[in-house]
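Structure record follows, encoded as structure tokens.
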Number of protein chains: 2
Amino acid sequence: MLILSLVEARPRHGYEISKLIEQRSGGTVRFHVASLYPLLYRLEKRGWLQGRWVEKTGQRRRRYYRLTPRGRRVLASQRRGWQIFVEAINRITETENA
Amino acid sequence: MLILSLVEARPRHGYEISKLIEQRSGGTVRFHVASLYPLLYRLEKRGWLQGRWVEKTGQRRRRYYRLTPRGRRVLASQRRGWQIFVEAINRITETENA
DNA sequence: TCCAATATGTGGCTATGCCATATATAGATT
DNA sequence: AATCTATATATGGCATAGCCACATATTGGA
């Protein structure tokens, strides 16, 4: 859901995604490279992301991932699922004044 | 955090905990026995829970777990961590109107 | 007699994140 | 010239931990 959300508005490359996750979470959530890249491959294999190599002079090659229509539907579903999950966890873990 | 929360107010046994998680989450969150019991042992080993066998006639023996002072502190910390985590995830996954 | 609910328990599989390490380029520092 | 940092992608192997399937035992209802 994190990755799909970040490439929702525009294509991004792996390194950019990992930096965004770290920045926006205030360092709370970190995605290590050894998790990130294999995950990107899985998402692409599932047809949720579409990757494209972009080469520019004076820059290392980057692989930009964009959200596929299928990925967009999955993301919407994941957002709903996340909401339901958080509410469920909160109901379970609420302090009981017993 | 789920388990520690559920034994916060009073001691409960494993089966009761698993049923409570399923009920309170509306079936969203399920803890299978093969996850639950090993987890209870881990929590007891860490000193967060204290288990006690209770035998009553006309009932199968049950192991009731209560929260230790150490477990209480851990639970408070986990609740804070969960809040911070959810906020971080929400910040990352917010829809961008770009 | 059979079935469902209650209650605890485990071997093995699988998914997945992380450690450590690797490769490669560019710019800044020493 | 050499070193360090940031950028950027990549992978082998390890550890954690949940789940499938199965097992054991008791009580009560159909």
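The chains referred to below are lettered A, B, ... by the order of the sequence lines, with proteins before strands, and numbering in each begins at 1.
Protein atom OH of A/Y41 is 9 Å distant from nucleotide atom C1' of D/dT11, rounded to whole Å. The nearest whole Å value for the distance from the CG atom in A/L40 to the P atom in C/dG17 is 11 Å. Remark: P of D/dT9 and CD1 of A/I3 are 12 Å apart, rounded to the nearest angstrom. Between the CZ atom of A/R52 and the P atom of D/dT9 there is a distance of 13 Å, rounded to whole Å. Separating the CH2 atom of A/W53 from the C1' atom of C/dA24 is a distance of 12 Å, rounded to the nearest angstrom. The distance from atom CG of A/L2 to atom P of C/dT16 is 14 Å, rounded to the nearest whole Å. The distance from atom OH of B/Y65 to atom C1' of C/dG9 is 11 Å, rounded to the nearest whole Å.
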Could you encode protein contacts along nucleotides 25-30 of chain D as a string, one character per nucleotide from 5' to 3', using B for base contact, S for sugar-phosphate-only contact and - for no contact, with a heavy-atom cut-off of under 4.0 Å?
-> B-S---
Footprint string (nucleotides 12-19 of chain D, 5' to 3'): B base within contact, S backbone only, - free, heavy atoms under 4.0 Å | B----SSB
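Counting Ile, Leu, Val, Met, Phe, Trp and Tyr side chains that sit under 4.5 Å apart, directly or through other members, A/W53 stands alone, with no cluster partners.
Remark: A/Q78 engages no residue in a side-chain hydrogen bond (donor to acceptor under 3.5 Å, both in side chains) (not counting sequence neighbours). Applying the side-chain hydrogen bond (donor to acceptor under 3.5 Å, both in side chains) rule to A/Y64 yields the partners A/R62; only residues at least two apart in sequence or on another chain are considered. Applying the salt bridge (charged side-chain N to carboxylate O under 4.0 Å, His left out) rule to B/R30 yields the partners B/E22; only residues at least two apart in sequence or on another chain are considered. Residues that satisfy the salt bridge (charged side-chain N to carboxylate O under 4.0 Å, His left out) test with A/R12, not counting sequence neighbours, are A/E16, B/E96.
Contact annotation: B/Y37 side-chain N/O to C/dG9 OP1/OP2 distance is not under 4.0 Å.
Under the side chain to side chain donor-acceptor pair (under 3.5 Å) criterion, the residue pairs touching residues 81-91 of chain B are A/W82-B/N90, A/N90-B/W82, with sequence neighbours excluded. Listed by first then second residue, pairs satisfying salt bridge (Lys or Arg N to Asp or Glu O under 4.0 Å) with a partner in residues 49-60 of chain B number zero, not counting sequence neighbours. Among residue pairs with one or both ends in residues 68-86 of chain B, those qualifying as salt bridge (Lys or Arg N to Asp or Glu O under 4.0 Å) are B/E8-B/R79; sequence neighbours excluded. Within the structure, side chain to side chain donor-acceptor pair (under 3.5 Å) pairs that include any residue of residues 36-50 of chain A comprise A/E44-A/R63 (at least two apart or interchain).
The closest donor-acceptor contact from the side chain of A/T68 to the backbone of A/G47 lies under 3.5 Å.
Using a 4.0 Å heavy-atom criterion, one finds that B/Y64 contacts no nucleic acid atom at all.
Note that the OG1 atom of B/T93 and the CG atom of A/L4 stand 10.5 Å from one another [nearest 0.5 Å].
For the segment residues 11-20 of chain A, residues with any heavy atom less than 4.0 angstrom from an atom of DNA chain D are, sorted by number, A/H13, A/G14, A/Y15.
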